[in-house]
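Convention: sequence-line order gives letters A, B, ...; per-chain numbering from 1.
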Amino acid sequence: MPELPEVESVVQAMNGAGVAGSRIESVQVFWPRSVGGDTRWFERAVTGQRIVGVSRRGKFIRLDLSRGAVLVHLRMSGMISVAPCGPPPRLHDRAILTLEPSRELRFHDPRKFGRMLYYEDPEERLGQLGPEPLDEGWGPVVLQQILGNRKRMIKPLLLDQERVAGLGNIYADEALWLAQVHPERRAGDLSPEVVARLAVALREVLLQGIRNGGTRLGSGMGNFGGLDLNPANQHALRVFRRAGLPCPRCGTTLERLIVGGRSSHVCPRCQRLR
DNA sequence: CGTCGAGCCTGAAGGC
DNA sequence: TGCCTTCAGGCTCGAC
């Protein structure tokens, strides 16, 4: 579930729930690796601190504290909820931050891939991320600079967070289809017109995802625990997980292939390799 | 620099 | 119905 639009939706919901401004009264950790492995250290670092701001960078949720910050990465199955205190921990709850005034922020993550890490200086991690398609300065020039004359395939490059931040498998496939670019095209081989098209497409699919409150696939996040999330972008997807169905643009049967080890969805007619 | 496979984990879905 | 295999929205590491 978690790519840029999903994370953005969670952050907006957290701000709607008034997380910023509250104080972390206590911490419970049920799976130490979720907080970096050293539960005591994490507890000592965040307990008593005030959450002064909640924002997003790439796929990270950033909780700025009076001193330092907590970066949450949902990875494959992470979820955040904010709700009244009280209910016992649920199966797969990995950590609970009890907030003042009385509420609790839960980090729920069945697959245990997600992380909630404290940094004295979050830029140490966030500084490694590339620009985002929703940045002010984003456009063909920035994208072309990223592509350079690289021989790497375009899709793995788009998924590389140090090059472009925020994209995952869903939105990469959607943008490549929109721009009519085959995922295996060499990044540096794209013509200026195609680069311009792709720069716009990346922005559009992400904005649409945010407008729709994110994408829910399978039994992913719903309105989990008081965040009032209601993802609807799954209905707007045009190629992702739609192999065998007709291309919305030309009617050709969509195909699924593996690119850089990830499943990819393309229209063989709209997205040619050569 | 780039690609590949394995590992981290669990649950859902599909085949038989 | 039930067991078994395969697969998944992410990312990191080591080998080549």
Side-chain angles (χ1 to χ4, degrees), chain A residues 1-10 30-37 56-61 71-80 90-95 107-117 124-126 128-130 132 146-177 183-189 202 205-206 208-210 212-222 224 229 231-244 256-265:
Chain A
M1 135 234 11
E3 298 181 33
L4 189 157
E6 290 71 41
V7 176
E8 179 65 27
S9 300
V10 170
F30 308 106
W31 185 256
R33 292 188 69 165
S34 295
V35 297
R56 180 192 60 72
R57 174 73 173 94
K59 300 178 193 174
F60 286 94
I61 297 167
L71 299 184
V72 182
H73 199 304
L74 302 172
R75 281 304 234 290
M76 297 285 267
S77 63
M79 291 186 264
I80 294 283
R90 299 171 33 169
L91 180 65
H92 303 322
D93 278 351
R94 305 305 176 198
F107 180 54
H108 182 88
D109 184 23
R111 289 178 71 178
K112 300 176 176 170
F113 288 170
R115 292 292 181 265
M116 179 178 252
L117 305 179
E124 172 194 324
R125 180 71 188 81
L126 300 179
Q128 297 170 11
L129 300 175
E132 306 188 18
I146 292 167
L147 303 181
N149 58 357
R150 296 176 185 283
K151 294 173 183 171
R152 196 176 180 187
M153 294 185 286
I154 183 68
K155 182 173 172 186
L157 185 146
L158 291 176
L159 293 177
D160 181 346
Q161 303 298 303
E162 295 188 22
R163 300 290 173 195
V164 182
L167 293 167
N169 215 21
I170 299 175
Y171 296 96
D173 276 5
E174 293 293 313
L176 289 168
W177 175 84
E184 292 177 311
R185 287 284 301 277
R186 303 285 140 182
D189 286 352
L202 287 165
V205 298
L206 293 175
Q208 182 195 45
I210 292 171
N212 286 324
T215 301
R216 167 171 46 218
L217 291 178
S219 55
M221 71 181 182
F224 178 67
L229 297 170
N233 198 56
Q234 60 277 12
H235 303 302
L237 299 181
R238 291 185 272 199
V239 292
F240 192 79
R241 290 209 184 159
R242 296 181 61 80
R256 174 177 179 274
L257 59 155
I258 304 296
V259 180
R262 309 295 304 279
S263 73
S264 303
H265 309 78

Closest to the A:K59 side chain: B:dT3, C:dG9, C:dG10? C:dG10

For atom CG of A:D160 and atom P of B:dC1, their distance in whole Å: 11 Å

NA contact type, A:R256, heavy-atom cut-off 4.0 Å: base, sugar-phosphate, or nothing? sugar-phosphate

C:dG10 P sits how many Å from A:I61 CD1, rounded? 15 Å

Using both distances under 3.5 Å as the test, list the Watson-Crick or G-U wobble partner of B:dG5, or none. C:dC13

Rounded distance [0.5 Å steps], OG in A:S34 versus CZ in A:R75: 11.0 Å

Taking the P atom of each, how far is B:dA6 from C:dT6, in whole Å? 13 Å

Roughly how far, to the nearest 0.5 Å, is CG of A:L147 from CG of A:L158? 7.5 Å

Figure out the CE/P separation between A:M76 and C:dC11, and round it to whole Å. 10 Å

Check whether any side-chain nitrogen or oxygen of A:H73 sits under 4.0 Å from OP1 or OP2 of C:dG10, and answer yes or no. no

Quick test of the criterion, 5.5 Å between centres and less than 30° between planes. Is A:F113 stacked on C:dC11 or not? no

From C-beta outward on A:R75, which listed nucleotide comes closest to its side chain: C:dC11, C:dG9, C:dA8? C:dC11

Over how many whole Å does the gap from A:L217 atom CG to B:dG11 atom C1' extend? 15 Å

Which part of the nucleic acid does A:G168 contact within heavy-atom distance under 4.0 Å: base, sugar-phosphate only, or nothing? sugar-phosphate

Supply the atom-to-atom distance A:M76 CE to A:H73 NE2, rounded to the nearest 0.5 angstrom. 11.5 Å

Just N and O in the side chain of A:Q161: are any of them under 4.0 Å from OP1 or OP2 of C:dG10? no

Can you check the A:E3 CD to C:dG10 C1' distance for me, whole Å? 9 Å

Please determine whether a side-chain nitrogen or oxygen atom of A:H92 lies at a distance below 4.0 Å from atom OP1 or OP2 of B:dG11. yes

Are OP1 or OP2 of C:dT12 and a side-chain N or O of A:R125 less than 4.0 angstrom apart? yes

Counter-base of C:dT6, judged by Watson-Crick or G-U geometry with both distances under 3.5 Å: B:dA12

Approximate separation, where rounding is to 0.5 Å, of A:L202 CG and A:L176 CG: 7.0 Å

Expressed as a whole number of angstroms, how long is the span from A:D109:CG to B:dC9:P? 11 Å

When the distance from CZ of A:R241 to P of C:dC7 is rounded to whole Å, what number comes out? 13 Å

Hey, is the side chain of A:S263 poking within less than 4.0 Å of OP1 or OP2 on C:dG9, counting only N and O atoms? yes

A:E184 side chain to A:V259 main-chain N or O, any donor-acceptor pair under 3.5 Å? no

Any donor and acceptor pair, going by atom type alone, linking the side chain of A:D173 with main-chain N or O of A:V239 inside 3.5 Å? no

May I ask you to evaluate whether A:R33 reaches the phosphate of B:dC8, defined as a side-chain N or O under 4.0 Å from OP1 or OP2? no

Does A:K151 put a side-chain nitrogen or oxygen below 4.0 Å from OP1 or OP2 of B:dT3? no

Side-chain N,O (A:R150) to OP1/OP2 (B:dG2) below 4.0 Å: yes

Separation of atom CD1 in A:I258 from atom P in B:dT3, rounded to whole Å: 15 Å

So, is A:R262 near the phosphate of C:dG9, with a side-chain N or O under 4.0 Å from OP1 or OP2? yes

Span that lies between the C1' atom of B:dT3 and that of C:dG9, in whole angstrom: 22 Å

